[in-house]
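Okay, structure first, notes after.
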2 protein chains.
Amino acid sequence: MTQQERSMFNCPVEATLSLIGGKYKPIILWHLIKEPLHYMELQRLIPGATPKMLSQQLRGLETSGMISREVIPEKPPRTIYSLTEFGKSIIPVLDVMCTWGTDYLNGLNVKTPCQKQERG
Amino acid sequence: MTQQERSMFNCPVEATLSLIGGKYKPIILWHLIKEPLHYMELQRLIPGATPKMLSQQLRGLETSGMISREVIPEKPPRTIYSLTEFGKSIIPVLDVMCTWGTDYLNGLNVKTPCQKQERG
DNA sequence: CCGGATCCTAAGTGATACTG
DNA sequence: CAGTATCACTTAGGATCCGG
């Protein structure tokens, strides 16, 4: 069983990475810190992600309990994503990784769409 | 060119993940925090990694400047790996990730070979 | 002892088109 | 609007053998 192997982490760091290691997971969580967002809003905020990838990553985050998904039954239907309490608990981790990554990228003189200051 | 795309991070967090995201990279760094180690010692500390994987991950860490590699010209030859200053700079990041991951795994009642207390 | 070379599988990712 | 289906591609990761 592959699930067994996924539980065989060498260290807790790997467990953390298994939850936020996806291609767009950090940036999704990052955007949701400030406020809950609709699928379309996330799509607009993360242009590089195709609908499939966005859904996939959102589904993964939902499965791991980091975000919640609420469907608003209206026309047209909309879905809103927000951080759970568990999801909020990982903010400090993202924060530290973002700070370190920013310093690292500054050293390389590289910019990214989402920088630290966006958190406010 | 793929290298271009790899520089197109959505956020600094991804940049951080690109350096420590490998399968055995966190655990390698973790072990090197306390002291420089020989290849064989790392091999013993990380039984799950095959020689190829260990070399591969070490090479990756060396390329990104996080560890340094020194060959001791003796019979039999030995190689010693140690953290660079740059590598040491990421310790706090690993520390936070480890702490969070430990709490997470405790909630799941799961253990890993390398826990927080091993850092001393 | 250290690790490169080769081959292979599985997972992650991407593009496009399509549906409720 | 909010996804799903399908196919193709890339990469990470693993097994095994071989060389310095």
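Protein chains get the first letters and strands the later ones, always in sequence-line order, with residue 1 at the start of each.
Summarising the geometry, the separation between CD on E14(B) and P on dT11(D) is reported as 16 Å, rounded to the nearest angstrom. Note: CG (L17(B)) to P (dT13(C)) measures 11 Å, nearest angstrom. For the pair Q57(A) CD and dA2(D) P, the computed distance is 18 Å after rounding to whole Å. With rounding to whole Å, I72(B) atom CD1 is found 11 Å from dG3(C) atom P. Regarding I67(B), its CD1 atom lies at a distance of 14 Å from the C1' atom of dG3(C), rounded to whole Å. Between the P atom of dC1(D) and the CG atom of L54(A) lies a distance of 14 Å, rounded to the nearest Å. In this structure, the CD1 atom of I28(A) is 12 Å from the P atom of dG3(D), given to the nearest Å. Between K23(B) atom NZ and dT9(C) atom C1' there is a gap of 13 Å when expressed in whole angstrom units.
Residue order along DNA chain C, read from the 5' end via each residue's closest nucleotide, puts A49(A) first among A49(A) and P77(A). Nucleotides of DNA chain C nearest to T50(A) and P51(B) differ in position, and the one nearer the 5' end is that of P51(B).
If you check every strand for non-hydrogen atoms under 4.0 Å, E41(A) touches nothing. Using a 4.0 Å heavy-atom distance criterion, Q56(A) is classed as a base contact.
The phosphate of dC1(C) has neither OP1 nor OP2 within less than 4.0 Å of any side-chain N or O from Q43(B). Contact check, R69(A) against dA2(D): no side-chain N or O comes under 4.0 Å of OP1 or OP2. Note on R78(A): every side-chain N or O is 4.0 Å or more away from OP1 and OP2 of dG3(D).
In this structure, R69(A) and V71(A) have side chains that are in contact, with non-hydrogen atoms separated by less than 4.5 Å.
Each salt bridge (Lys or Arg N to Asp or Glu O under 4.0 Å) pair with one or both residues in residues 45-65 of chain A, not counting sequence neighbours, appears once here: R59(A)-E62(A).
Summarising the geometry of L17(A) relative to G21(B), their closest heavy-atom pair is CD1-CA, 4.3 Å, with the distance given to 0.1 Å.
A donor and an acceptor atom never sit less than 3.5 Å apart when one is taken from the side chain of K52(A) and the other from the base of dG3(D).
Of the candidate nucleotides dG3(D), dG14(C), dC2(C), dG3(D) has the atom nearest to the side chain of Y81(A). Distance from the side chain of Y39(A) is smallest to dG3(D) among dG13(D), dC2(C), dG3(D). The side chain of S55(A) approaches dT4(D) more closely than any other nucleotide in the set dC1(D), dA2(D), dT4(D). Taking only side-chain atoms of M53(A), from C-beta outward, the nucleotide of dC2(C), dA2(D), dT13(C) with the closest atom is dT13(C). When distances are taken from the side chain of Y24(A) to each of dG14(C), dA2(D), dG3(D), the shortest belongs to dG14(C).
Side-chain atoms of Y24(B) come within 3.5 Å of backbone atoms of G48(B) as a donor-acceptor pair (strictly under, hydrogens ignored).
The end-to-end axis angle of the helix from dC1(C)-dG20(D) to dG20(C)-dC1(D), rounded to 10 degrees and based on five pairs per end, is 50°.
Aromatic ring centres of W100(A) and F86(B) lie closer together than 6.0 Å.
A side-chain donor from one of S82(A) and S68(A) sits under 3.5 Å from a side-chain acceptor of the other.
By the criterion of side-chain heavy atoms lying less than 4.5 angstrom apart, applied directly or through intervening Ile, Leu, Val, Met, Phe, Trp or Tyr residues, L58(B) is not grouped with I80(B); the two fall into different hydrophobic clusters.
A salt bridge links K88(A) with E85(A); the closest basic N to acidic carboxylate O contact falls under 4.0 Å.
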